[in-house]
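Encoded as structure tokens, the structure appears first; notes follow it.
Note that the numbering runs from 1 along the sequence shown for the chain. Because the structure is predicted, anything quoted here is derived from the model rather than measured.
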Amino acid sequence: MTAGVREQPRGADSPRPRPGTRLRLVGWLTAVAVVAGVGYRLWLLVNAAPPTNSDEATMGLAALHIVRGEGFPVWFYGQQYMGTLEAYLAAPVFALAGGPSLLGLRLPTLALYLLFLLLSWRLTLRLTGDRWFGLLVVALLALGSDRIVKNQLIAGGGYPEMNAAGVALAVLAVDLAAGRPGWRLARWAAWGFLAGLMLWVDPLVLPYVVATGAVLVGFCRRELWGAAGALLGASAVLGAAPLLLHSLLNGRNPLHAVLAASGANATAGWADRLHGGLLLGPPLGMGFCDPGRCDTWQLWWALALPLLLALGAVTAWRALRRPPTGPASPAEAVSPAGSVLAPPRVAAAVRLALVLAAVVTLGAYTVSSSAGLTPVESSRYLSCLLISLPALLWPVWTVARRGPSATGRHGPGRTLARPVALALLAATLGTAAQATWRSAQTAPATRAAEARHVELVSTLRQLGVRQVRAGYWTCNRLTFASAEQVVCAVVDDALRPGFDRYPAYRREVDRAAAPAWVAPAGSPLANALDERQRANPGSLDLVTIDGWRIYLPQ
């Protein structure tokens, strides 16, 4: 520097924003994305969307029985698998609100979604240290197609809590494997309790339990031989206590029921399984399709996902195997963005675990008969794949932000790497946003259908009807909406007894002198009842309201 000439401090006359300004900006944008995600789902709940059904009403009835002290169910009524955690979460809401409601049943699932969103953001920062990438992950998870919001908001058993628990297990695994000081025994206990709890609630999340558990064994095996391992085991037993006690007292193996529910007792061809599991399943289950179907152009994610899985596994494995350079680094470091970043090998191990858990989840679904028999509805079994989103998109984000040098490779195609990565990220956001828009458009129709159901319940009360017979998808929904003032027994379309998840309702209806019949207008059950009315004139009085037909025996 020339003598007598003072160098201007960097930034004095520069238009560049200060680092703190950029951090505040990304922080505000992330907060906006969180509020938008929760606000969108709250708007859906206010509009009674996504549409409810009798399975969700069954969980609501279990919560109602818990509040009244009439029973403390371990399993979803009518089966020996899928724990009733959602009923126990909704019971205090019902008690405070003075009665059951669909909104009260779903408020805990909304809270679980918020927890999932915040934990996903934290996990992303711990693994990458990149707050802008954390914003991308939060923005994607704030969106919600028809299938996604059904998994997250409908209290039908298992799905709303699995993702929150899976991400929590991963965050705890990062903290424990990184040797983060303070509250270590509490973290071990929390990991064990969540693992056991999910074993009771729904085993679909088990690949993530095993994968994050393998990380703990790899980095903390010595600690596991001591008090930490004993506490983890005891906490896991406590979390799975409902399952274990019920199995011991009744001599039943819940694994058999889970296999039967997955389609193990049914038959589906391999062509159908591969089509449903690998082509339809990923875009449907991860939020890239319109309500109830997938257009051909939306299936592009089925082609991208295997590539993302392979890329995520390879990059994480290489980072895990890369020898440390320079002096030993501390257990944790602060990234340039100001985030507490896990050690490179720990971050790589957890990313690899998330990718492998996604592979196992996808493979297990594909080989099940459900993928071939009911691919659209059973795509909900892939809801846990959202847990792996940070690990899947991190290599693409790295190339998109830093260019070809991020891969460390050189070749003829390196100039295309960044445009391809940017296009992939843009297509991911755009497709998810379009599916979210199409899902939001169904809310008015759902609100109108719920209004018709409210009118049905009100009409039955005005008519003094207390016992009815109806189809499966009408019965428990009607019983829950009336807070059991109207009790329903299930019949099939041939007017024969059907599947009652709560047998006490059938016994009450069978004791009634003249139970009524309820059927949706235009349904096969309504047609069968109309035929009976024509065959026996005067045997049934018909009351019609918008969307429903009520048959009153003479």
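Partner C289 forms a side-chain contact (heavy atoms from CB on, under 4.5 Å) with one of D146, L284, L280 and no other, that one being L284. Looking at T212, V355, L127, V171 one by one, the single match for side-chain contact (heavy atoms from CB on, under 4.5 Å) with V350 turns out to be L127. Partner of E86 under the side-chain contact (heavy atoms from CB on, under 4.5 Å) criterion, out of E56, E161, R106: E161 alone.
Between F94 and H65, the distance separating the two ring centers is not shorter than 6.0 angstrom. Side-chain rings of F133 and W394 approach one another, their centers coming within less than 6.0 Å.
Formation of a donor-acceptor pair under 3.5 Å by the T109 side chain with backbone atoms of L153 is found in this model. A donor-acceptor pair under 3.5 Å links the side-chain atoms of T58 to the main chain of S54, judged by distance alone. Of the possible polar contacts, one joining the Y88 side chain to the P73 backbone as a donor-acceptor pair under 3.5 Å is found.
Using a 30° and 60° split on the angle between ring planes, Y77 and Y502 fall in the tilted class, from 30° to 60°.
Side-chain polar atoms of R273 and S369 form a donor-acceptor pair below 3.5 angstrom. Side chain to side chain, T431 and W300 meet the donor-acceptor criterion of an N or O pair below 3.5 Å.
Proximity of L308 to W301: side-chain heavy atoms (C-beta onward) are separated by under 4.5 Å at one or more points. Annotation: side chain of Q152 is in contact with side chain of F116 (closest heavy-atom distance under 4.5 Å). Within the 4.5 Å cutoff, the side chain of V543 has no heavy atoms near those of the Q462 side chain. Counting heavy atoms from C-beta on, the side chains of P100 and F480 come closer than 4.5 Å. A 4.5 Å side-chain heavy-atom check between V205 and N163 finds every atom pair outside the cut-off. Residues Y505 and T479 are in side-chain contact: their nearest non-hydrogen atoms beyond the backbone lie under 4.5 Å apart.
With values rounded to the nearest 0.5 angstrom, C475 atom SG is found 8.0 Å from R506 atom CZ.
Remark: D55 does not engage R477 in a salt bridge, criterion side-chain N to carboxylate O under 4.0 Å. Classification of R147 and E377 as a salt-bridged pair holds, one side-chain N sitting under 4.0 Å from a carboxylate O.
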